[in-house]
Amino acid sequence: MKKFTLLFSFFVLSFSFSVSAQDISGATDWMQDNCNQYVVFVSNIWTDLSEDQKEELYTIRLQQQIALKELKDEKNAGDITQTEFNNKKKEQGKFYNKKISTLTGRDWKEINQVTNKFWASLEG
């Protein structure tokens, strides 16, 4: 039953956020799907999020994924070194975690923890 509820929530949220994703250039279908899954996952843990917060969380995550892709493109083109990539990626993570923290009231440790659980749930 929990899987059905999670799946149903995913479809409802996917529909809700599809309009928002169209406004963010550079977003791939995979990024949009992944962000929808992330918001559903997080919403099942952080049950106090409003619909507005969920929409904003989706937007922040999508912006983060686009920024990371651009950073990877720079590295792959040889424009930055691996060390520069690692440093910039770390700074991006801090920047977006701060935005999520401001939005949700969670600290960066809690945000990292739920994000790690999300990625682990996709692997297994």
Side-chain angles (χ1 to χ4, degrees):
M1 184 66 173
K2 185 174 183 177
K3 286 184 181 183
F4 173 76
T5 303
L6 184 61
L7 187 58
F8 180 73
S9 297
F10 169 71
F11 287 119
V12 169
L13 285 171
S14 294
F15 179 75
S16 304
F17 299 128
S18 62
V19 174
S20 299
Q22 295 171 3
D23 297 337
I24 301 175
S25 66
T28 64
D29 289 343
W30 178 88
M31 290 176 183
Q32 293 172 21
D33 291 343
N34 182 268
C35 289
N36 282 327
Q37 292 171 354
Y38 180 81
V39 171
V40 169
F41 184 86
V42 170
S43 296
N44 284 322
I45 296 172
W46 298 340
T47 57
D48 61 335
L49 297 179
S50 69
E51 290 305 312
D52 287 344
Q53 285 176 306
K54 291 174 189 177
E55 287 183 32
E56 183 63 21
L57 178 60
Y58 174 89
T59 300
I60 292 168
R61 286 289 297 181
L62 195 54
Q63 291 169 342
Q64 182 177 18
Q65 287 188 354
I66 291 168
L68 181 57
K69 182 191 179 307
E70 290 171 356
L71 193 58
K72 286 179 180 179
D73 289 348
E74 285 182 45
K75 182 185 71 134
N76 293 337
D79 296 336
I80 60 174
T81 66
Q82 182 66 47
T83 301
E84 290 170 319
F85 171 81
N86 292 344
N87 291 338
K88 288 182 177 190
K89 181 180 173 187
K90 186 176 180 179
E91 289 307 310
Q92 278 185 358
K94 288 179 183 178
F95 173 78
Y96 288 104
N97 276 355
K98 185 175 180 178
K99 289 180 89 166
I100 294 170
S101 178
T102 300
L103 175 70
T104 65
R106 269 65 180 199
D107 67 23
W108 66 270
K109 289 179 185 177
E110 193 173 357
I111 295 165
N112 284 342
Q113 186 179 49
V114 77
T115 300
N116 290 338
K117 286 180 182 179
F118 167 71
W119 287 115
S121 75
L122 296 180
E123 294 172 0

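Model, not experiment: these values are computed from the prediction. No hydrogens, no waters, no symmetry mates; every other heavy atom, side chains included, goes into these values.
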Report the distance from atom [atom1] of [X] to atom [atom2] of [Y], rounding to the nearest 0.5 Å.
| X | Y | atom1 | atom2 | result |
| --- | --- | --- | --- | --- |
| D52 | K54 | CG | NZ | 10.5 Å |
| T104 | I111 | OG1 | CD1 | 5.0 Å |
| E55 | S50 | CD | OG | 8.5 Å |
| E91 | K94 | CD | NZ | 4.5 Å |
| Q113 | W108 | CD | CH2 | 11.0 Å |
| L49 | E56 | CG | CD | 12.0 Å |

So, for [X] and [Y], which heavy atoms are closest and what is the spacing to 0.1 Å?
| X | Y | answer |
| --- | --- | --- |
| L103 | L57 | CD2-N, 3.5 Å |
| E84 | T81 | OE1-N, 2.7 Å |
| M31 | L62 | CB-CD1, 3.6 Å |
| A67 | Q92 | O-NE2, 3.3 Å |
| N34 | Q65 | OD1-NE2, 2.6 Å |

- Message: Using the rule that Ile, Leu, Val, Met, Phe, Trp and Tyr join whenever any side-chain heavy atoms are under 4.5 Å apart, tell me whether L122 and L68 fall into a single cluster.
- Response: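 Unlinked, L122 and L68 end up in two clusters.
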- Message: Count I, L, V, M, F, W, Y as connected when their side-chain heavy atoms are under 4.5 Å apart, and connections chain through other members. Are W119 and I100 then in the same cluster?
- Response: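 Linked, W119 and I100 end up in one cluster.
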- Pick from K69, E70, Q64: which one makes a side chain to side chain contact (heavy atoms under 4.5 Å, CB included) with I66?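 Only one of K69, E70, Q64 forms a side chain to side chain contact (heavy atoms under 4.5 Å, CB included) with I66, namely E70.
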- For K89, look at atom NZ and say whether over 12 heavy atoms of other residues, nucleotides or ligands are found less than 6.0 Å away.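 For K89, atom NZ is not crowded (no more than 12 foreign heavy atoms under 6.0 Å).
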Is there a side-chain contact between [X] and [Y] (heavy atoms, below 4.5 Å)?
| X | Y | result |
| --- | --- | --- |
| F85 | K72 | yes |
| R61 | V39 | no |
| K88 | E74 | yes |
| E110 | D107 | yes |
| Y38 | V114 | yes |
| V42 | Q53 | no |

- Query: Where the side chain of T102 meets the backbone of K98, is there a donor-acceptor pair that is under 3.5 Å apart?
  - Reply: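 At least one qualifying donor-acceptor pair exists.
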- Task: Answer with yes or no whether the side chains of N86 and Q82 bring together a donor and an acceptor at under 3.5 Å.
- Result: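 Yes, a side-chain donor-acceptor pair sits under 3.5 Å.
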